Protein chains: 2
Amino acid sequence: MSVTINDVANEAGVSKSTVSKVLNHWTTISPATVEKVHAAIEKLHYTPNSRAVSFAKGATSNIVYLTNLEKDTAYRNPHMFDIMCGVHHTLSENNYSLMLVNTSEERYPGEKVSEVITSGSSDGLIIHGSAINKEIANLILDAGFPHIIIGHPSFESRLCWVDTNHALAGEYAAAHMIACGYTDVAFIGERKTDYISAQRQKGFMAGMLDRGFHIPAARIGNTDSSCQHAYSVTSDMLTQPVPPRAIVCENNTLALGVIQAVKDRQLSIPDDIAILTFDVYPYSSIIDPQLTIVDINVYDTGVQAGSMMIRKLQNPELLIQSYTTLPVIIQGESTRPLP
Amino acid sequence: MSVTINDVANEAGVSKSTVSKVLNHWTTISPATVEKVHAAIEKLHYTPNSRAVSFAKGATSNIVYLTNLEKDTAYRNPHMFDIMCGVHHTLSENNYSLMLVNTSEERYPGEKVSEVITSGSSDGLIIHGSAINKEIANLILDAGFPHIIIGHPSFESRLCWVDTNHALAGEYAAAHMIACGYTDVAFIGERKTDYISAQRQKGFMAGMLDRGFHIPAARIGNTDSSCQHAYSVTSDMLTQPVPPRAIVCENNTLALGVIQAVKDRQLSIPDDIAILTFDVYPYSSIIDPQLTIVDINVYDTGVQAGSMMIRKLQNPELLIQSYTTLPVIIQGESTRPLP
DNA sequence: CTGAAAGCGCTTACAG
DNA sequence: CTGAAAGCGCTTACAG
């Protein structure tokens with residue numbers, strides 16, 4: 001019923017080996033033959049059966065995006081999908097397809113990865129940071145399966161990963177504040193155990209120190225990552241004899257609390273207190289005033305991960321462990337150079 | 001190198017046909033044989049090669065989720081991913097995988113669908129409303145390819161689709177308002193040409209009328225879908241001699257403008273003006289006050305679409321055109337029964 | 001530069 | 001209840 005390589009071979013008057021070689025861009029076929037085969041393909045509207053190709057080649061041209069998918073992930077963590085879109089973009093350009101696999105409903109840790117590896121349904125694995133754990137790490141390392149992890153794993157290993165440099169983003173925040181003329185800057189972050197928050201804080205403090213400004217402990221506020229807690233921590237800070245001139249908020253949710261605290265004390269942004277935060281978030285656009293943001297282009301992180309995967313497939317020995325995407329400053333109304 | 005069906009057959013002392021039958025749950029195999037085969041599979045850690053299975057069966061156990069993916073879709077339209085998660089959940093339960101395909105970078109309309117259909121890389125197509133058009137419709141109908149479209153297509157056809165009943169959601173809004181005792185209720189919607197907004201408005205007005213309350217034209221505000229425009233339309237409405245007692249906002253963005261307009265006139269919510277909107281949105285949680293919402297569980301819509309696809313695969317003749325997921329009221333602080 | 005032939009690892013009529 | 005054999009539609013050494 002559907003057109004096969006044999007039909008094309010007959011139509012073109014060549015063997016199916018030759019058709020196959022044309023399809024796979026072998027350089028040993030004469031231009032005239034290539035021409036004939038293409039004409040036959042056009043005429044018959046032939047498309048190779050991808051199941052047969054996969055089977056014969058022993059490869060799928062498919063990559064799995066492994067992640068932890070809960071019912072409301074789309075709202076709580078849109079970044080995960082933005083990354084996925086970036087990955088998809090690059091793979092698609094390279095004629096790879098992307099299959100979504102969810103680790104959240106596994107019967108045992110590593111179940112899905114085992115399946116992917118042993119069933120041969122995919123040539124490589126891109127693993128979102130939310131899904132990685134030791135079981136999975138061991139499975140892919142033992143099998144030598146091509147993989148890229150998005151986000152630096154929390155444990156040492158020979159895993160391949162790409163990540164954004166959160167400490168660098170913290171430095172960008174410091175540089176921006178100093179450039180505006182703010183030298184007395186506070187930092188409101190998450191719990192001290194939060195990796196990203198700690199990195200950003202570290203980078204921020206180092207960036208300030210490099211430029212000659214030491215941030216004392218009193219200017220650092222750690223929260224339970226709720227808006228409410230950010231509000232109270234900020235309120236406390238603002239009642240100190242000398243309040244800070246500017247505040248760096250580690251994320252948009254904290255920023256909401258910080259802004260409210262500033263407004264409730266009748267202080268104006270940025271004239272009394274300047275504010276900066278990290279990451280464009282779903283509700284960034286409706287925060288009043290529009291915040292200055294140190295943004296990480298996570299779509300680009302996905303694009304990078306996709307490229308790395310393509311490189312791995314060509315050169316499986318490659319050990320990739322790198323910080324890729326650079327932060328970028330999105331200027332809002334919440335910071336302004338001092339006169 | 002890797003374990004094949006022959007290895008299992010040897011280990012179990014049966015033919016590979018028999019192993020295959022055990023794998024495919026044929027009922028004609030004796031319990032003793034099944035036992036032996038399972039033991040061999042366990043011992044050898046055998047997993048069937050999915051490429052070979054696909055090829056031999058002529059089917060992939062894979063479904064494509066076709067959608068329009070732009071760089072910032074994850075932020076602008078998280079619903080699309082929530083639906084996708086629902087689809088994935090159901091398919092995964094039924095041992096189907098989900099492949100993501102993007103229509104936004106096609107060289108011509110229908111390119112991706114043609115590829116999917118003719119290459120046989122997938123057994124069915126779930127199409128997000130953002131990706132459907134006449135070209136695609138014709139391709140899948142001509143090929144008789146199993147498909148489910150999420151969202152009622154804007155043109156008549158024999159396509160299979162599932163959708164949520166937006167008019168019904170409008171009725172829910174009316175019923176809730178009446179139940180609270182609000183009878184003079186305004187509706188702020190998008191442009192008149194917006195399908196979802198028009199459906200919600202229609203259902204709302206019908207719901208009010210059914211309960212004996214006619215909504216006059218002066219109580220309907222159409223906007224260009226911006227927060228700002230919602231603000232001005234609402235402000236105008238509130239300066240009328242008799243302002244409405246409650247307002248139904250067709251979406252969260254409009255609600256932001258409406259709330260601001262109400263607050264700027266020193267009116268309190270819900271004591272002076274009650275407010276209700278549709279859909280849980282990324283920033284719903286930070287709107288002050290928390291709004292009462294008529295929500296459509298779009299994850300469930302995805303789940304339904306997945307189930308329908310499974311049914312279609314079993315019975316390709318099935319014509320599915322149905323409204324599935326029911327709306328649900330999420331009570332917030334912006335409406336309250338009158339004393 | 002081209003083709004005949006083996007083979008990829010399963011499934012499934014068919015025969016027994 | 002079980003197995004031998006053909007076949008799914010390609011790719012790829014190999015020979016010429």
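Because the structure is predicted, anything quoted here is derived from the model rather than measured. Residue numbers begin at 1 in each chain, while the letters A, B, ... track the order of the sequences.
- A donor atom on one side chain and an acceptor atom on the other are found under 3.5 Å apart for A/Thr325 and A/Asp300.
- Within 4.0 Å of A/Ser30, counting heavy atoms only, lie sugar-phosphate atoms of the nucleic acid but no base atom.
- Here chain A contacts DNA chain C (any atom closer than 4.0 Å to a heavy atom, that is under 4.0 Å), and the contacts span C/dC1 to C/dG9 from 5' to 3'.
- Shown are A/Asn77, A/Ile150, A/Thr67; of these, the side-chain contact (heavy atoms from CB on, under 4.5 Å) with A/Ile83 is made only by A/Ile150.
- Using a 4.0 Å heavy-atom criterion, one finds that A/Asn6 contacts no nucleic acid atom at all.
- For A/His88 and A/Tyr65, the distance between ring centers is not under 6.0 angstrom.
- By the neighbour-count criterion of 12 heavy atoms within 6.0 Å, atom CD of B/Glu35 is sparsely surrounded, having that number or fewer from other residues, nucleotides or ligands.
- Using bins of under 30°, 30° to 60° and over 60° for the plane-to-plane angle, the ring pair A/Trp161/A/His152 lands in the parallel bin.
- Scanning residues 32-42 of chain B for heavy-atom distances under 4.0 Å to DNA chain D yields B/Thr33.
- Of the two residues contacting DNA chain C, namely A/Pro31 and A/Ser17, the nearest-nucleotide position lying further toward the 5' end is that of A/Pro31.
- With both pairing distances under 3.5 Å, C/dA13 is matched to nothing as a Watson-Crick or G-U wobble pair.
- Under a 3.5 Å cut-off, the side chain of A/Glu111 and the backbone N or O of A/Arg107 do form a donor-acceptor pair.
- Checking side-chain atoms of B/Ser307 against main-chain N and O of B/Val303 turns up a donor-acceptor pair under 3.5 Å.
- Between A/Phe55 and B/Phe55, the ring planes lie parallel to each other; the angle is under 30°, not in the 30° to 60° tilted range.
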